[in-house]
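Values in this document were obtained by computation on a predicted structure and should not be read as measured data. The figures that follow rest on heavy atoms only: side chains count, while hydrogens, waters and symmetry mates do not.
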Amino acid sequence: MRRLVPLGLTAAVIAVVVGLVGTPVTQHTSAADPPASTDRLNKEIDNLKLFSADGTALVLREVAKDKGTVVVFLSFDCPVSNSYAATLTELHKVYSAKGIGFVALVPTDDAAEKITKKAGEFKLPFPVLSDSKLVAAEAFKATVTPEAFVLDRNHVVRYRGRIDNQYYGRMKKNPQITEHDLRDALEAVVAGKLVPAPATRAIGCHIDPKERTVTSDAVTYHRDVAPILQKHCQSCHRPGDAGPFALLSYKQAVNWSADIVHYTQNRDMPPWKPTAGLEFANARTLTIRELDTLAQWEKNGCPEGDPKDAPAPPKLSDGWRLGQPDLIVEMAEEFQVGPTGKDVFRCFVLPTGLKEDKHVVAYEVKPGNAAVLHHSLNYFDTTGKARKLEAAEKARKKGADETDHGPGYPVAMGVGFIPNQADAPRPSVPAVGILGGWAPGQVGTTFPDGCGILLPKEAELVLQLHYHRTGKVEKDRTKIGFYFAKKPVEKPWLMLGVGGMSFLESIPANKANHVQKGSAWITADANVHSIMPHMHLIGKSIKITMTPPEGDPKLLLEIKDWDYNWQEWYWLAKPLSVKAGTRFDVEGVFDNSGKNPNNPNNPPKAVWFGEETTSEMLFGFLGVTPAGKERVRLSRTELKK
């Protein structure tokens, strides 16, 4: 069975994040990177027979022009491949006029009709043909999608490798594209010169043309593997959801089997960052037995087994998973996300229409397009400032090259303004409040029994949405459902933050292990239900601990490999009772060196505390309810005994 190994399993991402995702600016390579393949360089390629969607035969040299040919291997299941659609379109525009022919080959089992449809969605202007039998992949010794080959006028391979240096690793982008390898190769071939760098390392989804041989059926897909995928993967890896490919069938599982094993063995999937601390109810982890089962199945050749052994099909509801909401708030119209560029952070202002105060006890976010929505942060605004920002953005004259269109306004952080309590209509309600967030894989959030968050009457909902780009135009119209208290709310839901940096502090340049610490004491007895650590780009590791009065320190949570893409609330399996005077500590380690690929500055410079992604923060947030009637807060001063 042929398989295409993906760049990465990008199923789930952040849930509630105060900082936003930035782009590294340090060009990064690794000494462990495999060398570029030189196979087939300076060799003539035979006149291969290819087939279009209608079955018409097409020989390779029919797409050649007088100066040469670009042959690029693509996969529409590969995020890296898709991200190059606009680049290839622009190269075709420039070099087809200079005598270069273009053709794309898809070395997957996808039907030719599907390939044609996808090529149309990405607006690729050259032939995109199926290579399902891997005739061309074998002839070129292609190993990766996307991988480009440049043939001269004599059909001899003069270049093979990446399109440019947009990526330095799996799903890891360089901040700027500084090396345009395919373009440079085309310039040389058009001019009749030698290509200066004829082979580069292509990064993407690996093509494996080998036929699988089943060596044992001790572990089979239907009996052993399908239940694991149902439990841990299919909530995101299904059509129309956040996973870049589906894992609902035997064929799909076989196609991605190598990376399923790779990422689960490395503990990268299911996504779960904590390495130590308390037990969490929302932990996404596989047991040792499950890990061994997946590895053994792939090692044995991925036997299918008897379909009668398969578990019942999963119930993947498209409705409201928490039941019918009491209030549904939806974006007024679709927002269009352009095909290329930086990620989009945008706030959408939605009226709630509430005529009286309500307490939210649960909520559920329904993305209009889960394939592009990275996360949501859900706020409410009682000041009207968000509405004014949206109106100003609507009135702004748009540039001809802008591809993002629709309601809302762009933001760098939060709601785009600093709340002032004096602007609130009533002293008893917040100017701006937060109502949680969403990330792929979440099926709704319910607060502990008896507590909730006040949603003031006439408040406007402000959804801050973070969009990824896919290489083609996407549209989204997200909605959120709220569930209101049916009985009096006894306790408020509180989010308290332990800070480890101040506005007067910075992370020194060229320090790879700079430590920041902060402490705070809780002023009243309380119950801790959830924890969320927070840093920005140069964060390296973080831990949050607590020390009861006259007690020993207790580790609540530790993340040794911080990733700003994976920030979420970690819900305790059992609420943690804490006494007044308990100290909470947050400690973060920052890497502000030139070797950190996420460093926003090249060369490194001091990074100060601030809300921008290129600034830094250090927080440990706690989801808390009072144990009694006394007001609960955090103090930076130790309580007097």
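With respect to Lys273 and Glu568, no salt bridge is recorded, no charged nitrogen being found less than 4.0 Å from a carboxylate O. Taking the charged nitrogens against the carboxylate oxygens, Glu330 and Lys366 have no contact shorter than 4.0 Å, which rules out a salt bridge. Residues Lys117 and Glu121 are paired through a salt bridge, judged by an N-O separation under 4.0 Å between the basic side chain and the carboxylate.
Ring-plane geometry between His466 and Phe345 is classed as parallel, the angle between the planes falling under 30 degrees on a 0 to 90 degree scale with a further cut at 60.
Each of Val156, Leu151, Val157 was compared with Glu44 under the side-chain contact (heavy atoms from CB on, under 4.5 Å) criterion, and only Val156 meets it.
The two residues Thr403 and Arg469 come nearest to each other via the heavy atoms OG1-NH1, 4.4 Å. Listed here is the closest heavy atom pair of Tyr167 and Ser83: OH-OG, 3.0 Å. Listed here is the closest heavy atom pair of Tyr409 and Val462: OH-CG1, 4.1 Å.
Residues Phe335 and Asp404 are in side-chain contact: their nearest non-hydrogen atoms beyond the backbone lie under 4.5 Å apart. With contacts defined as side-chain heavy-atom distances shorter than 4.5 Å, the pair Ile207/Val144 does not qualify. Looking at Asp164 and Leu182, their side chains never come closer than 4.5 Å, going by heavy atoms from C-beta outward. Annotation: side chain of Lys98 is in contact with side chain of Glu187 (closest heavy-atom distance under 4.5 Å). You'll find the side chain of Lys251 reaches within 4.5 Å of the side chain of Asp109, heavy atoms only. With a 4.5 Å cut-off on side-chain heavy atoms, Leu88 and Leu74 count as touching. A 4.5 Å side-chain heavy-atom check between Thr200 and Tyr159 finds at least one atom pair inside the cut-off.
Donor-acceptor pairing under 3.5 Å is lacking for the side chains of Ser75 and Asp77. In this model, a donor atom of one side chain and an acceptor atom of the other lie less than 3.5 Å apart for Thr178 and Asn165.
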